[in-house]
Amino acid sequence: MDKIRVRFAPSPTGPLHIGGARTALFNWLFARKNNGVMVLRIEDTDLERSTEESERNILRDLKWLGIDWDEGPGVGGPYAPYRQTERLEIYREYTERLLAEEKAYYCFCSEEEVEEERQRQLARGEMPRYSGKCRNLSRAEQERCRQEGRQAVVRFRVPSGEKVVVEDLVRGRVEFDSDGIGDFVLVKSDGLPTYNYACVLDDYQMKISHVLRGEEHLSNTPRQILLYQALGWEPPKFAHISLILAEDRSKMSKRKGDVAVEQYRDKGYLPEAVVNFLALLGWSPEGEEEIFLLDELVQRFDLNRVSRAPAVFDMKKLQWLNGHYIKNSPLERITELAVPYLQKAGYLAEELTPEEWEWVKMVVASVREYPSCISEIVEHVDVFFNDEFAFEEEGLKEILQQEQVPQVVEALFAALEDTTDLTPEAAKKILRNISKGLKLGGKKVFMPLRIALTGSSHGPELNELIAILGKERVVSRIKRSLALAGVAQ
RNA sequence: GGCCCUAUGGUCAAGUGGUUAAGACACCGCCCUUUCAAGGCGGUAACGGGGGUUCGAAUCCCCCUAGGGUCACCA
């Protein structure tokens with residue numbers, strides 16, 4: 001069996017879309033699972049919309065996800081170049097051949113003419129497609145058009161009455177009628193190949209064995225197969241993956257939420273969460289386990305378990321997955337990711353001393369289970385920075401006015417006095433001793449202290465809070481709160 | 001509109017003629033607990049409709065319905 005070679009072929013006209021990322025992931029998993037080769041090809045034949053910046057961003061985001069490639073931009077390979085605008089010579093050669101064999105022809109209809117015709121057909125309820133007007137122009141007629149300065153495109157002469165069969169690896173056998181396909185453009189008037197054309201030429205040249213792509217390309221496939229036949233080439237195997245839908249079951253779009261993977265990265269989603277989530281959209285593992293890192297996905301990935309139905313993007317599940325990875329990643333890493341958000345929010349200075357860094361780690365440790373993405377961490381840390389807090393609600397003061405409070409506070413201050421190393425563990429011990437020593441239930445000890453320390457009835461673990469704030473701030477915060485609640489000290 | 005794809009709980013989905021129709025997210029409840037979370041345990045909830053085929057259909061066939069894709073000198 002020939003070596004498995006797959007490709008991901010984005011067009012650099014915007015950021016890496018979440019759907020594109022999944023297509024890339026499935027290709028990558030398929031290649032890695034089968035000891036195949038992953039090719040990255042840049043389809044930049046749309047000069048108007050392609051930008052170098054988009055290309056850079058797409059490559060960056062693929063890398064961020066952990067998807068690498070064996071051939072393509074940056075790494076080269078036996079079939080270089082891997083950028084379509086650098087392959088124009090190759091395409092030209094085949095265009096000559098197709099033209100010579102009369103499998104393609106020059107068409108001089110202007111875009112406006114074709115568009116008008118299209119509209120007329122649409123209005124009549126007909127299928128819009130090229131009429132074939134220039135199909136049989138004589139040499140002389142062609143010459144005249146040229147003389148008139150008309151721009152030419154090259155169209156493919158679609159054979160009539162042919163049944164085109166796509167043996168799709170996920171969809172099974174799909175049949176199309178060639179009569180439903182108009183003579184499509186191969187080479188645009190600017191001399192650049194269209195997608196369907198360049199795609200076929202490149203896939204063949206690059207010896208791509210399997211084309212895994214989004215379902216929106218299923219109806220392009222018969223055109224491409226016709227081209228393979230015209231060129232006398234064996235087509236690759238095709239597998240069309242169903243689309244990812246927005247929550248309202250329509251196509252995902254900018255309006256309906258975040259569609260670019262960079263948006264997820266910016267919000268503080270971890271790449272392994274995004275990958276794990278994407279893998280689960282349209283593919284299902286064999287067992288009941290659903291948490292997988294990239295290499296585990298490689299072990300389990302199987303094209304036969306890719307589903308045909310479109311999948312709705314379930315943000316809640318992504319958040320859950322991300323939360324899971326946030327809770328289970330090394331604290332050092334989460335802290336590194338969290339610090340920029342904390343700096344941006346003004347909680348931290350641009351430069352941190354080693355001591356501050358250690359302190360921030362404690363902060364992150366005590367709140368990391370709350371956020372579903374790292375950026376949300378800023379919503380939970382105010383309690384560690386803001387000494388001038390107000391009571392969340394007036395009723396909370398009554399709890400500070402309870403009769404046992406002065407004793408509890410006194411006991412705490414005394415214990416703090418005797419403690420040199422105020423770790424979370426030490427604080428926990430102190431709290432427990434107070435509760436025991438005063439023979440008071442937890443609620444009578446912990447709730448007043450929590451309120452006095454934070455102005456709120458809920459928040460991080462009390463012992464961690466105390467350790468993180470340190471003796472001085474604990475004392476001053478409590479004194480201030482008691483004063484505010486009118487409790488004599 | 002033509003062509004094509006799809007159809008199991010709110011969502012992702014397992015299932016490939018005989019199952020009490022898995023599991024996960026979400027939701028609800030209980031437990032744990034010094035709060036909120038997290039975690040543990042449990043619960044509600046599904047085969048779009050109609051015809052066939054068959055002793056027997058979520059599973060096979062047809063029709064309908066619904067959703068989606070595509071019909072560009074965009075990819």
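Order of the sequence lines sets the chain letters (A, B, ...), proteins ahead of strands, with each chain counted from 1. Side chains are part of it too, since the values below use all heavy atoms of this structure and drop only hydrogens, waters and symmetry mates.
Proximity note for A:V185 (side chain, C-beta onward) versus B:C73, B:C5, B:A22: the nearest is B:C73. Comparing B:C4, B:C73, B:C12 by their closest approach to the side chain of A:T194 singles out B:C73. Set against B:U11, B:A14, B:A26, the side chain of A:V312 has B:U11 as its closest nucleotide. Residue A:R308 has its side chain nearest to B:A7 when only B:A7, B:A26, B:G39 are considered. Distance from the side chain of A:R249 is smallest for B:U11 among the nucleotides B:A24, B:A75, B:U11. In this structure, of B:C25, B:A75, B:U6, it is B:A75 that holds the atom nearest to the side chain of A:S11. Counting only heavy atoms from C-beta on, A:L243 has its side chain closest to B:G69 among B:G69, B:C73, B:C5. Closest approach to the A:D46 side chain among B:C74, B:A14, B:C73 is made by B:C74 (side chain taken as heavy atoms from C-beta onward). Candidate nucleotides B:U34, B:U11, B:G23 were compared by shortest atom distance to the side chain of A:E461, and B:U34 ranks first. Of the candidate nucleotides B:G68, B:A22, B:A24, B:G68 has the atom lying nearest to any side-chain atom of A:E215.
The aromatic rings of A:F238 and A:H240 sit parallel, their planes meeting at an angle under 30°, below the 60° perpendicular limit.
Taking the P atoms as reference points, B:A21 lies 13 Å from B:A45, given to the whole Å. Comparing the C1' positions of B:A13 and B:C47 gives an interatomic distance of 13 Å, to the nearest angstrom. Rounded to whole Å, the C1' atom of B:A57 lies 30 Å from the corresponding atom of B:C25. Here the separation of B:U6 from B:U20, taken at their C1' atoms, is 30 Å to the nearest Å. Here, B:C73 and B:G15 have their C1' atoms 47 Å apart, quoted to the whole Å.
The backbone N or O of A:S54 lies less than 3.5 Å from a partner atom in the side chain of A:T51, making a donor-acceptor pair. Under the 3.5 Å distance criterion, the side-chain polar atoms of A:R22 are matched with a main-chain donor or acceptor of A:L281.
In this structure, A:R135 forms no cation-pi arrangement with A:Y105, as its terminal cationic atom is not both closer than 6.0 Å to the ring centre and no more than 45° off the ring axis.
Each of A:Y325, A:F313, A:Y269 was evaluated against A:F277; a single residue qualifies, A:F313, per the ring-ring contact (aromatic ring centres under 6.0 Å, His included) test.
Within the nucleic acid shown, A:P460 comes within 4.0 Å of at least one base atom, counting heavy atoms only. Using a 4.0 Å heavy-atom cutoff across all strands shown, A:N220 reaches at least one base atom of the nucleic acid. Nucleic acid contact class of A:V445 (heavy atoms, under 4.0 Å, all strands): none. Nucleic acid contact for A:S242: none, since no nucleic acid atom lies under 4.0 Å from a heavy atom of the residue. Across all strands shown, A:R49 has heavy atoms under 4.0 Å from base atoms, whether or not it also approaches the sugar-phosphate. Residue contacts for A:G214: at a heavy-atom cut-off of 4.0 Å it reaches no nucleic acid atom on any strand shown. Nucleic acid contact for A:R213: none, since no nucleic acid atom lies under 4.0 Å from a heavy atom of the residue. Nucleic acid contact for A:E289: none, since no nucleic acid atom lies under 4.0 Å from a heavy atom of the residue. Counting any heavy atom pair closer than 4.0 Å across all strands shown, A:E43 reaches sugar-phosphate atoms only and no base atom. Residue A:H217 is classed as a base contact, given a heavy-atom separation below 4.0 Å to a base. Counting non-hydrogen atoms under 4.0 angstrom, A:T221 reaches nothing in the nucleic acid. Within 4.0 Å (heavy atoms only), A:R450 reaches at least one base atom of the nucleic acid. Heavy atoms of A:G459 sit under 4.0 angstrom from at least one base atom. A:F176 comes within 4.0 angstrom of sugar-phosphate atoms only, judged by non-hydrogen atoms across all strands, and of no base.
Taking only side-chain nitrogens and oxygens, A:K188 comes nearer than 4.0 Å to OP1 or OP2 of B:C74. Put simply, A:R118 has a side-chain N or O that comes within less than 4.0 Å of OP1 or OP2 on B:A72. Between B:C74 and A:T13, no contact under 4.0 Å exists linking OP1 or OP2 to a side-chain N or O. The shortest distance between the side-chain N/O atoms of A:S219 and the OP1/OP2 oxygens of B:C4 is not below 4.0 Å.
Outside the 6.0 Å centre-distance limit, the rings of A:F26 and A:H210 are not counted as a close aromatic pair.
Here A:W320 does not count as stacked on B:C25, because the ring centres are not under 5.5 angstrom apart with planes under 30°.
For B:G23, the paired nucleotide is B:C12, the pair qualifying as Watson-Crick or G-U wobble because both relevant distances are below 3.5 Å.
Rounded to whole Å, the distance from CG on A:L218 to P on B:C71 is 12 Å.
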Pull out every protein N or O sitting under 3.5 Å from an N or O of nucleotides 64-66 of chain B, one pair per line with the distance.
none

